[in-house]
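Start at 1 and go down the list; that is how both ligands and their atoms are numbered. Computed over heavy atoms, backbone and side chain alike; hydrogens, waters and symmetry mates excluded. Note that the structure is a prediction, hence the values are computed from the model and not measured. Numbers here simply count residues along the sequence, with the first being 1.
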Amino acid sequence: MKTILLIHGPNLNRLGKRDAQHYGSVTLSDIENLVRDEARKADIEVKAFQSNHEGELIDFLQAESESAAGIIINPGAFTHYSYALHDAIKDTGLPAIEVHLSDIKKRETWRQMSVIAPACVLQISGKKEQGYVEALAELQKRI
Ligand code: DQA
């Protein structure tokens, strides 16, 4: 059975309470269950992790990537400035898909740029929780 990593960065533990206009009303566990249910159909195991701390996200990637086939990651605001997270994703050598609930290209100028994107095979943005289902389908083609 293949394993994929589903990683969420800072403030995404607040989904459901946070800025519904941009992020919708689903909670983080709703998203994790959605991805797990879809993955189960393809016999894929999902290891989910959320942290508000950059170093913890990097530690998780370093610890888990050797036994994983791919990554789905919403890096939250780290998207826009964490070169360390970029390097950690790239260093795994795994196909990674970057997901954003909101359409970052239509928001503040500083939010439109992703330093994570060059370490990923694809960016999916603005499709709310459906973006994760699409990410899983795209990842399956690459693992
Ligand atoms: C986000 C977009 C980021 O700019 C923001 O900091 C988030 C969530 C999204 O899912 O739309 O925390 O990654």
- Query: Does a side-chain heavy-atom distance below 4.5 Å link R107 with Q112?
  - Reply: no
- Message: Angle between ring planes, W110 versus H80, binned at 30° and 60°: parallel, tilted or perpendicular?
- Response: perpendicular
- Is the shortest heavy-atom distance from the side chain of I143 to the side chain of I44 under 4.5 Å? yes
- Query: Does L12, backbone or side chain, put an N or O under 3.5 Å from an N or O of ligand 1?
  - Reply: no
- Evaluation steps, side-chain hydrogen bond (donor to acceptor under 3.5 Å, both in side chains), between Q50 and N52: CA-CA 7 Å; Q50 187 277 332; N52 294 325; 3.0 Å; yes
- Message: Could you tell me if the side chain of N74 sits less than 4.5 Å from the side chain of L6, heavy atoms only?
- Response: no
- Task: Measure the distance from atom 11 (O) of ligand 1 to every protein heavy atom, then report the residue, atom name and distance (to 0.1 Å) of the closest one.
- Result: S102 OG, 2.6 Å
- Close side-chain approach of D87 and I58, heavy atoms under 4.5 Å: no
- Could a heavy atom of N11 be found less than 4.0 Å from some atom of ligand 1? no
- Query: Does Y23 have a non-hydrogen atom less than 4.0 Å from ligand 1?
  - Reply: yes
- Could you tell me which atoms of ligand 1, counted from 1 in the order shown, lie closer than 4.0 angstrom to a heavy atom of H80? 3 (C), 4 (O)
- Enumerate the atoms of ligand 1 whose separation from the nearest heavy atom of R18 is less than 4.0 angstrom. 7 (C), 12 (O)
- Among V99, D103, T79, which one satisfies side-chain contact (heavy atoms from CB on, under 4.5 Å) with S125? D103
- Message: Could you tell me if the side chain of F49 sits less than 4.5 Å from the side chain of H8, heavy atoms only?
- Response: no
- Item | Any H22 heavy atom less than 4.0 Å to ligand 1 | no
- Message: Just to confirm my output: which protein heavy-atom neighbour is closest to atom 9 (C) of ligand 1, and how far is it?
- Response: L101 N, 3.4 Å
- Query: Considering only the protein, which heavy-atom contact is closest to atom 1 (C) of ligand 1, and what is its distance?
  - Reply: H100 ND1, 3.7 Å
- Query: Short list, please: which atoms of ligand 1 are under 4.0 Å from a heavy atom of R111?
  - Reply: 3 (C), 4 (O), 5 (C), 6 (O)
- Item | Part of N74 with heavy atoms under 4.0 Å of ligand 1, whether side chain, backbone, both or neither | side chain
